[in-house]
Amino acid sequence: MRSPGRPEPSRVVQRQFWRLIATGVTTVEASLAVGVSWPVGTRWFRHAGGMPPISLAEPTGRYLTFEEREEIAILRAKGAGVRQIARTLHRDPSTISRELRRNAATRGGRPEYRATVAQWKAQQAAKRPKAAKLVTNEHLRDYVQERLDGTVRRGDGTVVAGPAAAGWQGRKMKPHRADRRWATSWSPQQISNRIRLDFPEDESMRISHEAIYQALFIQGRGALKRELVACLRTGRALREPRARTRNKPQGHVTADVVLSQRPAEAADRAVPGHWEGDLIIGTGRSAIGTLVERSSRCTLLVHLPRMEGWSERPAVKNGPSLGGYGALAMNAALTASMTRLPEQLRATLTWDRGKELSGHAQFALDTGTKVFFADPHSPWQRPTNENTNGLLRQYFPKGTDLSRWSADDLEAVALTINGRPRKVLGWKTPVEVFAEQLLSLQQPGVASTS
């Protein structure tokens, strides 16, 4: 066995460290609490991808603890024999004899029992390396990588390259106000559950979402390239607490279009045709409209190009908005998107309190879609849309110019999002559920929801 140099702290200390991490304290605080330096604690955290690499359950009494090994070292230094040590620790003499023979330090030329070295040797010997499933099953690995890092395509199958993004930097791959690389980007949970539908008879094509996360996060697994964390929505190479951002809606609405007036059938998601909408904002007053159907979770992206005269003359106070999402431009773009749908599938639209939909009355006349507005500072009242906007930020990060993408590009991203399986849909895709809704509308005797 190789020399450990300075042996690492015992498993007892490491378990205590990871228990503190689980309570939400920082790496530095957890390190100081268990008596190791903060660089050591930081290294543990980063090498393990923020996940405990060992079981946090206490070992059974079958194995010698670090405290018992310290007692053995003290008694041995006092000249105690094997049987005397065994009686003191209430252990079998053969256990003590085997411990002294196997785990004694030999670097000085003759055996000398030291508790830290003995604990390190015991931990090394107890390891049972096992190859990860993604390493041994090439077909499974290719399936996972294709769903994580596949290409974005238009409806005709042509590849959309997306923006030129920064390369792997070894840390967080969700840059602040910069482009991210486009990929299919299924979540590990979506991959884990969809594979059961794609290969119902092949038991070898099974993997848990946790195994995929570990293959990405834990150094040394070797199954998936760690830079594939860029395909995760968070882009993190470590597990960290999520930070919530507060939506800041503005504008005003009348009493007849507040959320409390929305039909009850829209709340329970049983009837299709009820939508949630919002804008995702980019630099230079660029934006993309997002519409999500509450029942099927099907997403429509609304192209909002800048209007004629943008950047050609100074902005006029209280003049027309040329950025692409003023009231008139917004109404025209939303009307074009909604009127492509059957009348039964455009019953209501729930929006936040942004002024871009201040012309909602005309929009309702043009489309037959009744508009309702969520309460101020209440993004949870549009949960499907908020979740979808989080997904779309993987393709359209904050701080980037969103006007550069054409309607065809937006359609390709929408097809990608709608092609992801969803847990809430029984791992069907929104496209599949939306197609079922359209088919049901074509059947005679189906009641209208408009």
Side-chain angles (χ1 to χ4, degrees), residues 152-156 160 182 184-185 262 266 269 271-282 286-305 324-325 329-352 354 356-357 359-360 363-364 366-374 379 382-396 402-403 405-422 424-425 428-441 449-450:
V152 175
R153 298 177 181 274
R154 295 187 175 91
D156 59 3
V160 180
W182 287 8
T184 47
S185 301
R262 188 176 68 175
R269 302 177 187 266
V271 178
H274 300 279
W275 297 77
E276 297 175 6
D278 196 9
L279 295 178
I280 54 176
I281 306 296
S286 59
I288 296 174
T290 63
L291 298 171
V292 188
E293 205 275 316
R294 286 175 54 83
S295 179
S296 67
R297 277 69 174 181
C298 192
T299 301
L300 298 179
L301 297 184
V302 182
H303 186 225
L304 299 172
Y325 58 97
M330 195 72 210
N331 266 14
L334 278 180
T335 300
S337 295
M338 292 297 288
T339 51
R340 293 164 53 189
L341 301 170
E343 183 180 357
Q344 296 93 331
L345 291 182
R346 39 188 166 97
T348 67
L349 172 62
T350 304
W351 204 266
D352 72 355
E356 65 274 359
L357 211 61
H360 60 86
F363 170 77
D366 294 340
T367 64
T369 304
K370 183 67 174 177
V371 179
F372 297 92
F373 292 91
R382 299 176 296 103
T384 309
N385 183 243
E386 288 290 328
N387 177 65
T388 303
N389 288 349
L391 293 174
L392 291 170
R393 281 300 186 186
Q394 189 164 348
Y395 300 91
F396 310 110
L402 304 183
S403 65
W405 305 119
S406 67
D408 289 340
D409 293 331
L410 300 189
E411 184 178 359
V413 174
L415 285 172
T416 303
I417 294 292
N418 291 330
R420 294 185 186 183
R422 304 291 179 90
V424 73
L425 301 177
K428 293 182 179 180
T429 66
V431 168
E432 293 169 344
V433 177
F434 196 72
E436 292 174 359
Q437 293 176 352
L438 291 175
L439 184 62
S440 67
L441 294 178
T449 61
S450 60

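No hydrogens, no waters, no symmetry mates; every other heavy atom, side chains included, goes into these values. Here, residue 1 is the first one in the sequence, and each next residue gets the next number.
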Engineer: Look at the side chain of Ser286 and the backbone N and O of Leu402, then say whether any donor-acceptor pair between them is shorter than 3.5 Å.
Structural biologist: yes

Engineer: With a 4.5 Å cut-off on side-chain heavy atoms, are Val160 and Arg154 touching?
Structural biologist: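 When only atoms from C-beta onward are counted, Val160 and Arg154 do touch, with a gap below 4.5 Å.
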
Engineer: Check step by step if side chain to side chain contact (heavy atoms under 4.5 Å, CB included) holds for Val413 and Leu301.
Structural biologist: CA-CA 8 Å; Val413 174; Leu301 297 184; 4.2 Å; yes

Engineer: Working to the nearest 0.5 angstrom, can you tell me the gap between Arg422 CZ and Asn387 CG?
Structural biologist: 7.0 Å

Engineer: Would you say Trp182 and Thr416 make side-chain contact, with heavy atoms under 4.5 Å?
Structural biologist: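 No. Closest side-chain heavy atoms not under 4.5 Å.
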
Engineer: For the atom pair CD1 (Ile417) and CG (Leu391), what is the distance rounded to the nearest 0.5 Å?
Structural biologist: 5.0 Å

Engineer: Please tell me if the side chains of Asp352 and Pro379 come closer than 4.5 Å, counting only heavy atoms from C-beta onward.
Structural biologist: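 Answer no - side chains too far apart.
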
Engineer: Would the distance check show the side chain of Thr335 and the main-chain N or O of Ala332 forming a donor-acceptor pair, the cut-off being under 3.5 Å?
Structural biologist: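 No; zero donor-acceptor contacts below 3.5 Å.
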
Engineer: Please evaluate residues Phe396 and Trp405 with respect to the criterion side chain to side chain contact (heavy atoms under 4.5 Å, CB included), reporting the C-alpha separation (whole Å), side-chain torsions for both, the decisive distance (0.1 Å), and the verdict.
Structural biologist: CA-CA 10 Å; Phe396 310 110; Trp405 305 119; 3.6 Å; yes

Engineer: The test is side chain to side chain contact (heavy atoms under 4.5 Å, CB included); show your working for Val152 and Thr184 and say whether it passes.
Structural biologist: CA-CA 6 Å; Val152 175; Thr184 47; 5.6 Å; no

Engineer: Do Ile280 and Tyr395 touch side chain to side chain, with heavy atoms closer than 4.5 Å?
Structural biologist: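 The answer is no, as the side chains (C-beta and beyond) never meet within the 4.5 Å cut-off.
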
Engineer: Please give me the minimum heavy-atom distance between Ser295 and Leu425, naming the atom from each residue.
Structural biologist: O-CD2, 3.8 Å

Engineer: Tell me whether Asn418 contacts the main-chain N or O of Thr299 through its side chain, where contact means a donor paired with an acceptor under 3.5 Å.
Structural biologist: yes

Engineer: Write out all pairs satisfying salt bridge (charged side-chain N to carboxylate O under 4.0 Å, His left out) with one or both partners inside residues 428-440, taking only residues at least two apart or from two chains.
Structural biologist: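 Qualifying pairs, neighbours excluded: Arg194-Glu432, Lys428-Glu436.
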
Engineer: Tell me whether Arg420 contacts the main-chain N or O of Ser185 through its side chain, where contact means a donor paired with an acceptor under 3.5 Å.
Structural biologist: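 Here the side-chain-to-backbone pair exists.
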
Engineer: Indicate the atoms forming the closest heavy-atom contact of Glu293 with Pro272, along with that distance.
Structural biologist: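 Reported closest heavy-atom pair: OE2-CA, 3.4 Å.
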
Engineer: Please round to the nearest 0.5 Å and tell me the distance separating atom NE2 of His360 and atom OG1 of Thr367.
Structural biologist: 12.5 Å

Engineer: Can we say Glu276 and Arg294 salt-bridge, meaning some charged N sits less than 4.0 Å from an Asp/Glu carboxylate O?
Structural biologist: yes

Engineer: With Asn331, which residues qualify under side-chain contact (heavy atoms from CB on, under 4.5 Å), at least two apart?
Structural biologist: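 Counting only residues at least two positions away or on another chain, Asn331 forms a side-chain contact (heavy atoms from CB on, under 4.5 Å) with Leu357, Gln362, Phe363.
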
Engineer: Kindly compute the distance separating CZ (Arg382) from CG (Asn389), expressed to the nearest 0.5 Å.
Structural biologist: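 The CG atom of Asn389 is 7.0 Å from CZ of Arg382, to the nearest 0.5 Å.
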
Engineer: Any non-hydrogen side-chain atom of Asp409 less than 4.5 Å from a side-chain atom of Ser406?
Structural biologist: yes

Engineer: Kindly indicate whether the side chain of Trp351, heavy atoms from C-beta on, has any atom under 4.5 Å from the side chain of Leu334.
Structural biologist: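 In contact.
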
Engineer: Working to the nearest 0.5 Å, report the span between CG of Asp278 and CD1 of Ile288.
Structural biologist: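 Between atom CG of Asp278 and atom CD1 of Ile288 there are 12.0 Å.
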
Engineer: Heavy atoms only: give me the nearest Leu304-Ala287 pair and the separation to one decimal.
Structural biologist: CB-O, 3.6 Å

Engineer: Do Arg262 and His274 have side-chain heavy atoms sitting under 4.5 Å apart?
Structural biologist: no

Engineer: Would you find a donor on one side and an acceptor on the other, under 3.5 Å apart, between the side chain of Thr384 and the backbone of Arg297?
Structural biologist: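 Such a contact is absent between Thr384 side chain and Arg297 backbone.
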
Engineer: Side-chain contact test, heavy atoms from C-beta onward, threshold under 4.5 Å: evaluate it for Thr369 versus Trp275 and give yes or no.
Structural biologist: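 No, too far: nothing below the 4.5 Å cut-off.
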
Engineer: Once you round to the nearest 0.5 Å, how far does CD of Gln437 lie from CG of Leu345?
Structural biologist: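 Here the rounded value is 6.0 Å.
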
Engineer: Which atoms form the tightest heavy-atom contact between Thr350 and Ala374, and what is the distance?
Structural biologist: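 Smallest interatomic distance, heavy atoms only, reads CG2-N, 4.5 Å.
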
Engineer: List the atom of Ser337, the atom of Val302, and the distance in Å for their closest heavy-atom pair.
Structural biologist: OG-CG2, 3.7 Å

